[in-house]
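Okay, structure first, notes after.
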Number of protein chains: 2
Amino acid sequence: MAKRDSQGKALSDYPRPSVAVDTAVLTVPAGGPLSVVAVTGDGDLRLPGTFLHEGETLADAVGRSLVEKAGITGIHPVQLHVFDAPDRDDRGWVLSVAHLAPVRMSQLADRARTELVPVAELPPMPFDHAEIVALAVAELRARHAEHPDPFGLLPEPTFTIRELHELHEAVAGHALPRDTFRRLMEPQLVPTGSLARGTVGKPAREFIRGGA
Amino acid sequence: MAKRDSQGKALSDYPRPSVAVDTAVLTVPAGGPLSVVAVTGDGDLRLPGTFLHEGETLADAVGRSLVEKAGITGIHPVQLHVFDAPDRDDRGWVLSVAHLAPVRMSQLADRARTELVPVAELPPMPFDHAEIVALAVAELRARHAEHPDPFGLLPEPTFTIRELHELHEAVAGHALPRDTFRRLMEPQLVPTGSLARGTVGKPAREFIRGGA
DNA sequence: GAGAATTAGCGCAAATCTGCGCGAATCTCC
DNA sequence: GGAGATTCGCGCAGATTTGCGCTAATTCTC
């Protein structure tokens, strides 16, 4: 039995918006550019989304929408912004909570249902989806600015500085000075004691994340 | 007439949460510490808040709640985060969109209804209000890190580097090296051509915000 | 096996940033 | 008017960061 206010009304007696989630799923293909996962909607490419169900957190709804619409599992969404223009959706009063969900390529199990679009080459998208992508890219870049692989996007738990550097360059969308990068990141890494094998050139040390 | 889906249902036929706004109103009293505006609730100090009304944006709701509960006008809220735990409010299913609203002291017209609490001395607060304050403080500090007076908190449109420095130190909650600060901020300021008068010591140049 | 190509690690010099302290410019008091 | 206190602006030297290029260590090719 829901509590009632001074006028005998429960919360559900008042007008309330529907709450949707829309997610910019960002990934870095091996050797490729930072890309966003798009799904096909009404003849266009758009971000996966859904409505929040009773008893769910927003992250639960994001997870459900990604499993259902894109076959993506194991995500850890980050809230970006609430889009709240009262007239943004012609079906009625809808708020959309925009999210970022960074994923490894290996988490994209069902590639037939999704399209990988480089964020630098975004096609027209409905609603405020282009803006959501921009917010997501900015957030991903901000988090990569100071810390090594903050979302665990590298394919393996151990990696070389070069591999880390390449990931961060793909995220940034431009070259990063290698020495400055190494000096910033290395103190935040733990050497495994092993060297990379089978690569051309001097074998590089391997690391995992962690450290001072 | 609201649009209907494949099952003949309108959006309002589905369960929907109530959406609330809670606001950390932050200000810097002259010569004082960074402080948050609290209002009296059920025998405690809490942040001002309200429910989103139909046809409103979240910022509209923030503005309404601050006028009604704290007599504060002219605010420009910044969204921080959506608190979405399904059981966070015993009245029913409520999402709360937390906001930051920086204000000048002069905007606090009705001081009888509000309490100014230094953010470093926060009392126990209900719900997630302490966390909202922490998020707001972090956001305010992040925005002050690189740009001069980003929210226009200084009492006057023209100011000296010293005045700006003092504001930024109050926001940061600790001393900031004066030369590094001046070298970072000054290129972002436009000199008015005037010097401060009536102060002890060499008269300082006055500036407004703007510039490369 | 030898040589070429490629890459990693890092010391060093150049570039940039930071803090200090000095002279300049005011206000206050005697 | 002068002395003392205070503050501002900034040049300079010390501290820190950055980029270069060298040697070391591998793979690839003939």
Side-chain angles (χ1 to χ4, degrees), chain A residues 28 30-32 141 144-149 154-212, chain B residues 28 30-32 141 144-149 154-212:
Chain A
V28 177
R141 286 176 173 162
H144 277 77
E146 307 288 344
H147 301 293
D149 194 19
L154 287 169
E156 305 291 340
T158 66
F159 49 84
T160 64
I161 299 272
R162 184 187 190 87
E163 284 162 346
L164 183 66
H165 184 237
E166 280 168 355
L167 169 71
H168 279 246
E169 284 190 325
V171 169
H174 58 79
L176 299 172
R178 73 177 165 114
D179 283 290
T180 306
F181 179 84
R182 177 175 50 80
R183 288 168 181 150
L184 173 64
M185 297 295 174
E186 197 181 314
Q188 304 181 63
L189 303 174
V190 180
T192 64
S194 299
L195 297 183
R197 309 268 352 144
T199 55
V200 177
K202 184 176 175 178
R205 292 165 300 163
E206 289 190 331
F207 298 89
I208 57 173
R209 284 182 299 165
Chain B
V28 178
R141 284 176 174 162
H144 276 77
E146 306 289 344
H147 301 293
D149 194 19
L154 287 169
E156 305 292 341
T158 66
F159 48 84
T160 64
I161 299 272
R162 184 187 190 89
E163 284 162 344
L164 183 65
H165 185 236
E166 280 169 355
L167 169 71
H168 279 246
E169 284 190 324
V171 169
H174 57 78
L176 298 171
R178 74 175 164 116
D179 283 289
T180 307
F181 179 84
R182 179 177 47 80
R183 290 169 178 150
L184 173 63
M185 298 297 172
E186 197 183 314
Q188 304 182 60
L189 304 174
V190 180
T192 63
S194 299
L195 298 182
R197 310 260 2 133
T199 56
V200 176
K202 184 176 177 178
R205 294 165 297 162
E206 289 188 329
F207 298 90
I208 56 173
R209 286 183 297 166

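Labels below follow one simple rule: chain letters A, B, ... track the order of the sequence lines, proteins then strands, and each chain is numbered from 1.
Atom CG of A/L184 and atom P of D/dT18 are 9 Å apart (whole Å). Rounded to an integer number of Å, the gap from CZ of A/R197 to P of D/dA25 is 13 Å.
Residues B/P157 and B/I208 come closest through the heavy atom pair O-CG2, 3.5 Å. Here the closest heavy-atom approach between residue B/L176 and residue B/A172 is recorded as CD2-CB, 4.2 Å. The two residues A/P148 and A/H168 come nearest to each other via the heavy atoms CA-NE2, 3.7 Å. Summarising the geometry of A/R178 relative to A/H165, their closest heavy-atom pair is CA-NE2, 3.8 Å, with the distance given to 0.1 Å.
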In B/S/- notation (B base, S sugar-phosphate only, - none; protein heavy atoms under 4.0 Å), nucleotides 1-15 of chain D written 5' to 3' is -----BBBSBB----

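Summarising the geometry, atom CD belonging to B/E206 is positioned 4.5 Å from atom OG1 belonging to B/T158; distances are rounded to the nearest 0.5 Å.
Listed pair A/T180 / D/dG19 meets the phosphate criterion, a side-chain N or O lying under 4.0 Å from OP1 or OP2.
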